[in-house]
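The sequence lines fix the lettering, A, B, ..., with proteins before strands; numbering per chain opens at 1.
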Protein chains: 2
Amino acid sequence: MKSSVEPLKARRIYLLLRDRIVAGDLPPGGRLPGEPALAAEHAVSRVTVRRALDLLEKEGLVQRKAGSGTFVHDSRAVRPIVADLSNVLSHLIDMGRSTDVKLLSFGYVAPPEAIAESLGLKPGERVQRSVRVRLIDGEPFSYLTTHVPEWLGLTYSEAELAARPLLELIERSGVKTERATQAINATLAGPEAAAALDLEIGSPLLTLTRIVHDPSGRGVEHLHALYRPDRYSFHMDLVRIGDDGERRWSPALGRPRAPSKKGR
Amino acid sequence: MKSSVEPLKARRIYLLLRDRIVAGDLPPGGRLPGEPALAAEHAVSRVTVRRALDLLEKEGLVQRKAGSGTFVHDSRAVRPIVADLSNVLSHLIDMGRSTDVKLLSFGYVAPPEAIAESLGLKPGERVQRSVRVRLIDGEPFSYLTTHVPEWLGLTYSEAELAARPLLELIERSGVKTERATQAINATLAGPEAAAALDLEIGSPLLTLTRIVHDPSGRGVEHLHALYRPDRYSFHMDLVRIGDDGERRWSPALGRPRAPSKKGR
DNA sequence: CAAAGCTGTATTATCGATCATACAGGTTCC
DNA sequence: GGAACCTGTATGATCGATAATACAGCTTTG
């Protein structure tokens with residue numbers, strides 16, 4: 001039996017160290033073992049350890065000081081944007097107003113089968129497909145692929161899509177958006193997403209797939225979003241409800257989140 | 001400038017094809033381009049294309065037929081478990097009752113700084129640390145690392161933790177769990193998690209970090225969960241609420257999910 | 001200052017991933 | 001049947017990742 005392929009030892013050590021850092025095992029500001037020590041510990045060459053540390057440094061997780069050591073970066077340069085789940089999408093509309101959007105692709109195509117089905121399209125019906133990237137402070141953090149039925153897509157122009165949130169354009173057209181279903185998952189960055197998000201191929205990404213329906217149940221928007229996990233994550237507050245036999249967690253709604261007191 | 005490291009071309013092509021498959025671009029049951037065609041398209045040797053296809057086949061995404069071609073597997077072998085967000089945690093209690101749990105590690109340790117802080121522990125206070133794996137139909141799908149203050153952890157035994165959901169044990173001890181905050185994100189599998197979840201190192205994982213508080217605000221549980229995205233994902237229904245000027249999405253609560261109508 | 005430790009850099013050697021090519025055997029279609 | 005495709009398999013050559021080693025320059029410590 002051929003042994004399975006080992007995809008880069010450097011990557012393995014990078015992952016190990018990264019886990020220990022984000023888990024708080026190696027506290028911020030602390031110095032991690034020297035390169036020779038790490039090399040011995042993992043039974044690899046020092047060159048390989050260095051490449052792992054290169055990756056960590058490029059992500060801003062560690063800071064190297066020649067002659068001194070390698071330290072866990074305490075104030076992570078870019079703080080992740082926190083998306084409160086109680087207003088998942090409105091937060092995105094806010095985002096659309098306070099961040100930059102780059103439109104990478106725009107056009108009308110025949111939809112993939114899965115998307116046609118989820119939107120409830122008739123066979124042969126075409127869709128508008130757009131790919132956008134959102135940036136915060138000039139840095140990309142999300143890669144959005146949307147599919148909208150052609151009849152709806154035609155109510156706005158390419159320039160409008162580049163400037164305004166898609167949901168706003170949809171509602172402007174008179175379509176009511178009442179319900180949506182969404183799924184949150186994880187994947188690896190493919191070549192296009194990696195390039196757009198300024199990442200290595202194979203980096204982890206948060207995914208959000210949302211299908212928006214109008215009151216009649218007709219699908220009006222299929223959104224596939226990829227997020228850089230270091231710049232974006234979903235947060236939510238939960239409260240425990242129900243009687244003893246049937247206690248559950250439920251998202252804490254309505255209550256606006258207390259403003260962050262951190263001075264930064 | 002040295003060009004950045006390209007970690008395995010085979011992996012790159014694997015990711016490309018995988019994306020097209022899960023996006024529905026290559027419809028289930030369909031045949032994908034021949035190996036020579038793929039090799040030419042990506043400017044890569046056929047051997048490399050084969051290794052990418054090997055990965056896809058091992059994940060059950062494609063099926064190869066000698067002499068005929070490579071086809072997208074239409075009935076994906078393992079369906080992801082769907083976690084409805086309206087009862088994120090109670091669903092986990094249900095899981096705990098209908099799935100197997102393996103306890104990989106159990107003990108009392110000094111907590112990492114980040115965890116001590118999030119639980120509001122006094123300096124020097126120790127915690128119970130446990131690592132568990134959940135399996136569905138004998139297949140692992142989640143890797144759970146929990147930290148509980150020592151005084152609380154001592155109210156149950158290692159054997160009880162292996163048999164019953166942790167939150168149940170906490171509540172049994174008389175501690176009231178009222179509030180929790182959680183964050184959903186994505187990472188790559190490190191060596192231990194990869195081994196426990198039967199994955200390659202560097203596979204993508206969904207992460208859930210939850211901190212449970214009692215009514216006085218004291219932290220009683222710190223949970224770090226890693227999920228295999230092919231076997232687990234978060235789903236939720238949203239409704240649009242609010243007046244025109246301030247419309248938002250809100251999780252649809254209470255209403256039990258309509259049973260899926262798909263025959264399949 | 002000097003010793004010890006660290007990161008930064010370079011060199012050569014080895015091993016694995018990838019390439020280019022060729023051929024065997026199955027499937028599809030005419 | 002036979003041509004044209006496909007996957008499965010094997011070969012030797014090439015290139016990149018890793019190993020082993022050495023040294024320069026900086027920082028910290030005594």
Starting from [atom2] on [N], measure out to [atom1] on [X] and report it in whole angstrom.
{"X": "R12(B)", "N": "dA17(C)", "atom1": "CZ", "atom2": "C1'", "answer": "15 Å"}
{"X": "L38(B)", "N": "dT7(D)", "atom1": "CG", "atom2": "P", "answer": "8 Å"}
{"X": "E57(B)", "N": "dC6(D)", "atom1": "CD", "atom2": "P", "answer": "17 Å"}
{"X": "R11(A)", "N": "dA17(C)", "atom1": "CZ", "atom2": "P", "answer": "15 Å"}
{"X": "H42(A)", "N": "dA20(D)", "atom1": "NE2", "atom2": "P", "answer": "16 Å"}
{"X": "Q63(B)", "N": "dT7(D)", "atom1": "CD", "atom2": "P", "answer": "14 Å"}
{"X": "D54(A)", "N": "dT7(C)", "atom1": "CG", "atom2": "P", "answer": "12 Å"}
{"X": "R51(A)", "N": "dT9(C)", "atom1": "CZ", "atom2": "P", "answer": "15 Å"}

Crowding at CD, E57(B) (>12 non-hydrogen neighbours, <6.0 Å)
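Buried by this count: over 12 neighbours within 6.0 Å.
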Would you check if Q128(A) and F106(A) make a side-chain contact, meaning some heavy-atom pair closer than 4.5 Å?
yes
So do the side chains of V127(A) and L121(A) get within less than 4.5 Å of each other, counting heavy atoms only?
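A side-chain contact exists here, since the closest heavy-atom pair is under 4.5 Å.
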Closest to the T48(A) side chain: dA19(D), dT7(D), dA20(C)?
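Side chain of T48(A) sits closest to dA19(D).
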Applying side chain to side chain contact (heavy atoms under 4.5 Å, CB included) to L61(A) and H73(A), what does each step give before you reach the verdict?
CA-CA 5 Å; L61(A) 282 175; H73(A) 205 150; 5.8 Å; no
Among side-chain atoms of H147(B) and T145(B), is any donor-acceptor pair under 3.5 angstrom?
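No, T145(B) and H147(B) have no side-chain donor paired with an acceptor closer than 3.5 Å.
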So, OP1 or OP2 of [N]: does either fall under 4.0 Å of a side-chain N or O from [X]?
{"X": "R64(B)", "N": "dG8(D)", "answer": "yes"}
{"X": "R50(A)", "N": "dT9(C)", "answer": "no"}
{"X": "T70(A)", "N": "dC6(C)", "answer": "no"}

In B/S/- notation (B base, S sugar-phosphate only, - none; protein heavy atoms under 4.0 Å), nucleotides 22-30 of chain D written 5' to 3' is B--BBS---
Would you please indicate if the ring centroids of F141(B) and Y143(B) are separated by under 6.0 Å?
no
Run R11(A) and E200(A) through salt bridge (Lys or Arg N to Asp or Glu O under 4.0 Å) and show every step you take.
CA-CA 12 Å; R11(A) 185 177 197 85; E200(A) 303 279 333; over 6 Å; no
Pairwise 5' ranking along DNA chain C for V47(B) and E35(A), keeping only the more 5' one
E35(A)
